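In listed order, ligands and their atoms are each counted from 1. On a predicted model such as this, the values are computed, not experimentally measured, just so you know. Numbers here simply count residues along the sequence, with the first being 1.
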Amino acid sequence: MAVFSRGFGARRRESDPKLPPGQYLTEDFPVLSAGPTPRIDTADWSFSIQTEKNTTTTWSWDQLHDLPIEEVATDIHCVTRWSKLGTSWRGVSLDTLFAGVDTDFAYAMAHSYGGYTTNIAMADLLGGKAWVAFEFGGEPLDPEHGGPARLLVPHLYFWKSAKWVRGLTMQKHDDPGFWEQNGYNLHGDPWTEERYW
Ligand SMILES: Nc1nc2c(c(=O)[nH]1)N[C@H]1C(S)=C(S)[C@@H](COP(=O)(O)O)O[C@H]1N2
Ligand SMILES: [Mo]
């Protein structure tokens, strides 16, 4: 079987069923940030969900950690074509966070410290598919990878997993976030290669 080297110390294994089309495997954890890394003290950190009913629910760092914490073992896939298999995270499910939130809107915009945004449908946030994650590989999440906490939506391309996440605002329509305004797909399923639009 042919093995190609493609940067990031990557090896392509064409036969790996866990590898979406057009992706290669990497053992590294590349850093991809559109701007500088914001440094947020956990004492100043919070996560909020703002609804169309003019209610905002906010969790401090301690309040987030009082919620049920889940271990997540998952593969991640970047639209720049690297995939990393078997990553391990800890965080709080969006199902838990939305349990007490009243909204009729089907879409959300994720907002990050530093200004990044990305749009996500509720169908991709609920049902055990998304977390606010604060540990990677048994360690607190590195600032470069989005610490103190990032969104983790591993069934979509990794640009949806907003680093330094600070909250969600519900939206009626699937209005585009930062990369989506710049040509990335509104949805971003790696298995059907929803890369651009
Ligand atoms: N706030 C913020 N989140 C972000 C980004 C960013 O530039 N800013 N880049 C996205 C992209 S394109 C990717 S591939 C992943 C990269 O995450 P990593 O640097 O931990 O590998 O973060 C996503 N989340
Ligand atoms: Mo990316």
Under 3.5 Å, which donor-acceptor pairs link side chains of residues 166-173 to any protein atom two or more places apart or in another chain?
unit_1 : atom_1 : unit_2 : atom_2 : d
T169   : OG1    : H111   : NE2    : 2.9
Q171   : NE2    : H173   : O      : 3.4
Q171   : NE2    : D175   : O      : 3.1

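- In this structure, a donor-acceptor pair under 3.5 Å is present between the side chains of H187 and D124.
- With values rounded to the nearest 0.5 angstrom, N119 atom CG is found 9.0 Å from N185 atom CG.
- Classified by interplanar angle (parallel below 30°, tilted 30° to 60°, perpendicular above 60°), the ring pair W61/H65 is tilted.
- Side-chain N/O atoms of E52 and T103 include a donor and acceptor closer than 3.5 Å.
- Close approach of ligand 1 to P30 is summarised as follows: ligand atoms under 4.0 Å from at least one heavy atom of the residue are 18 (P), 19 (O), 21 (O).
- Using a 4.5 Å cut-off on side-chain heavy atoms (C-beta onward), W191 and P21 make contact.
- A side-chain donor-acceptor contact under 3.5 Å links T118 and E180.
- Contact between R150 and ligand 1 is present, with at least one heavy atom of the residue lying under 4.0 Å from the ligand.
- Below 4.0 Å from some heavy atom of S33 lie the following atoms of ligand 1, by number and element: 7 (O).
- Ligand 1 lies out of reach of Y157, whose nearest heavy atom is not under 4.0 Å from it.
- Which parts of ligand 1 touch W179 is read off a 4.0 Å heavy-atom cut-off, strictly below it: atoms 12 (S).
- By the 4.0 Å heavy-atom criterion, W82 is counted among the residues contacting ligand 1.
- Close approach of ligand 1 to W164 is summarised as follows: ligand atoms under 4.0 Å from at least one heavy atom of the residue are 1 (N), 2 (C), 8 (N).
- Every atom of ligand 1 with a heavy atom of A162 under 4.0 Å away is listed here by number and element: 3 (N), 24 (N).
- Counting atoms of ligand 1 from 1 in the listed order, those under 4.0 Å from a heavy atom of S112 are 1 (N).
- Under a 4.0 angstrom heavy-atom cut-off, G146 registers as lying outside contact with ligand 1.
- Between A34 and ligand 1, at least one N/O pair is under 3.5 Å apart.
- Distances between N or O atoms of K163 and those of ligand 1 include at least one value under 3.5 Å.
- Listed by number with element, the atoms of ligand 1 under 4.0 Å from a non-hydrogen atom of S161 are 22 (O), 23 (C), 24 (N).
- Between F158 and F29, the angle of the ring planes lies from 30° to 60°, which puts this pair in the tilted group.
- Below 3.5 Å of separation, one finds no N or O of F29 facing any N or O of ligand 1.
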